[in-house]
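The structure under discussion appears below in the form of structure tokens.
Remember, it's a predicted structure, so these values are computed and weren't measured experimentally. Counting convention: from 1, in listed order, for ligands and their atoms alike. Note: hydrogens, waters and symmetry copies are ignored here, and every other heavy atom, side chains too, is used.
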Amino acid sequence: MSQSDAKSRSQVFEASEDIGTNNSCSPTLGDVIATRMSRRDLMGGLLATTAIGAVLSETAFAAQQASTTPSFNFTEVLAGSDDTIHVAAGYDADVMIRWGDKVLRNAPAFDPQRQTPASQASQFGYNNDFLGYLPLRGSSQNGLLVVNHEYTNEELMFPGVGRQDTTKFSKMTKQLVDIEMMAHGGSVIEIRKRRGKWSVVENSPYNRRITGTTEMRISGPAAGHSMLKTKADPTGTRVLGMLNNCAGGMTPWGNWLSCEENFNGYFFGSAQGHPNEKALRRYGVPSNWFNWGEHYERFDVTKEPNESNRFGWIVEIDPMDPKSTPVKRTAMGRIKHEGAGGIVNRDGRYVVYSGDDERFDYVYKFVTEGRVNRRNKAANRDLLDKGTLYVAKYNADGTGEWMALVHGQGKLTAENGFADQAAVLVNARLAGDALGATKMDRPEDIDVEPRSNKVYLMLTNNANRKSDQVDAANPRAGNRFGHIIEMMPDGGDHASTRFRWEILVKCGDHTDPKVGASFNPATTKDGWFGMPDNLMIDPRGRLWIATDGNSPLATGRADGVWALETEGKARGTAKHFFRCPNGAELCGPCMTPDMTTMFVAIQHPGESEDPKVLATFEKPSTRWPDFKPDLPPRPAIVAITKRGGGRIA
Ligand code: FEO
Ligand code: CA
Ligand code: CA
């Protein structure tokens, strides 16, 4: 048995977030104490001339923090873990759609004993992650919900399979591989609220499944480049499927940005002797987590050297047109994108922030060349194809800079292995290495609060950071519980190459001095959390955090949703709102514009809570949400509403 056998898929993902090793040698930024000193020096007026602008924006920053802002109003749920979901008192949490439920007109009833690729292709996919609500005619009672289906857990999906030994995959037949491919991708579902309850509109013309085989277009500067050409696609512009789509974003023109994250896991074979071995290793390709390469040549890097370059992108999809071709936008770079947090900058350009979720990897932003047209959706058709990609450097004094990833500038030249802009974008990680970007503690979601222009960045954890590797922005060695950084672009201009930042909260049990957490002391024993992952900024500008990695062993609590105060005296106070069932992480929280519904995605319920014990189809850690002995646990979307109506919290 290989080492991974006792691990569920998500535990393998978690363990391997450092698989594509970052061997670059950008300097560490100094230790925490030095940072606090230099910050105090700045505040005390000992100014280097270059710091004046930064201090001015810090003053604005402090003024904003002191302003009175809305805070949360609900009774906390108890932290803990069991086989079902829990929501704050006075709220209902109703399952709206589960893995295997009907999406398309022809979908058969879910039967886990007789699942086929065709049935799965018409049913709701596995491991729902990002959620985006697109109102129809402005409604908060009727809209399209877009859903990412990140990955599959063969041990929980298929009877009698168990967790596969990744050197043999002895039970993973082509039929099961094809089901897996169909369970990936995304769903668009029309949903409607009637008499206070949400349901999927059956046979809606909008309902759509996107899978690991849906044809997509590749656009932007790397489209058609030799690095993207394959035997099946000599044009380098068409690719089948999107994979490991984690979080994402919704653009102001109503399109869905769906982000390919751990794409390395689908590639098979060995990097040894590959023409781009260095780049493959930097991305952890191949990781052999799935055996698709045994049945499909394109996933075997020894047979199709370029296919992996066609994954790791942000995919733009028009949910209003079920016939539209999804587009992989290469201008935004190829990394393990967690999400895509966007904002229309004050000059009209669109800015998309994105984290590269791996230990010691980077934070990026993309600034379009053109401006958003809010009146004419079609005018934004190619907006995301032209612009500048930047990577972040966090200085110890609380300033930061965005360094442009532009071919020919600085070290991004042919002599250093970057033949052209396509090479910079396809190997964005290597470009970030060359520029000395700051190595972060696994950047997950990042998003903007549009009124304050503050940017919130989730850093989920990095137990591998050694004490000689700590820096101001990643101040804890062996960072098991993660932290949250608040960033402020200089002058509130998201196109600026400068920003200020500070740590909003270091996560974990703040009552245990050994943990070094920094929640506001007003936070209760239920209110603290570890491992922040996704975030939602609600229409009132308040911050909600979704977690991945809490468990009875890690933190004495299940994953879930927490509200986090960001302003005034309450800043840094967290409150527990919703709790996942055993084995699950919480993904994709989103709200209707009227704030009366919060949708949450429950991902991989039923996984084991103990890494030494394997949960399977036959023996899951919960059978949520059906609790029937013949049904496995099923990832599902839950709609949370206030009993009797009204806005949430
Ligand atoms: Fe798919 Fe970084 O979580
Ligand atoms: Ca995530
Ligand atoms: Ca995660």
**Trace of the side-chain hydrogen bond (donor to acceptor under 3.5 Å, both in side chains) decision for N462 with N479** = CA-CA 5 Å; N462 180 1; N479 181 7; over 6 Å; no
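Annotation for R476 and C507: closest pair NH2-O, 2.9 Å, computed over non-hydrogen atoms.
In this structure, the side chains of Y126 and M157 come closer than 4.5 Å at one or more pairs of heavy atoms.
Taking atom 1 (Fe) of ligand 1 as reference, E261 places its N/O/S atom OE1 nearest. The atom name of the N/O/S atom in E150 closest to atom 1 (Fe) of ligand 1 is OE2.
With a cut-off of 2.8 Å, atom 1 (Fe) of ligand 1 has an N, O or S atom of C246 in range.
Salt bridge status for K336 with E261: absent, with no side-chain N to carboxylate O gap under 4.0 Å. With salt bridges taken as basic N to acidic carboxylate O contacts below 4.0 Å, none links E449 and K454. Checked for salt-bridge contact, K439 and D361 miss the test: no charged N lies under 4.0 Å from a carboxylate O.
T622 and D83 form no side-chain donor-acceptor contact under 3.5 Å, judged by distance and modelled atom types alone.
Any protein N/O/S atom under 3.0 Å from the Ca ion (ligand 2) was counted, giving 3 altogether.
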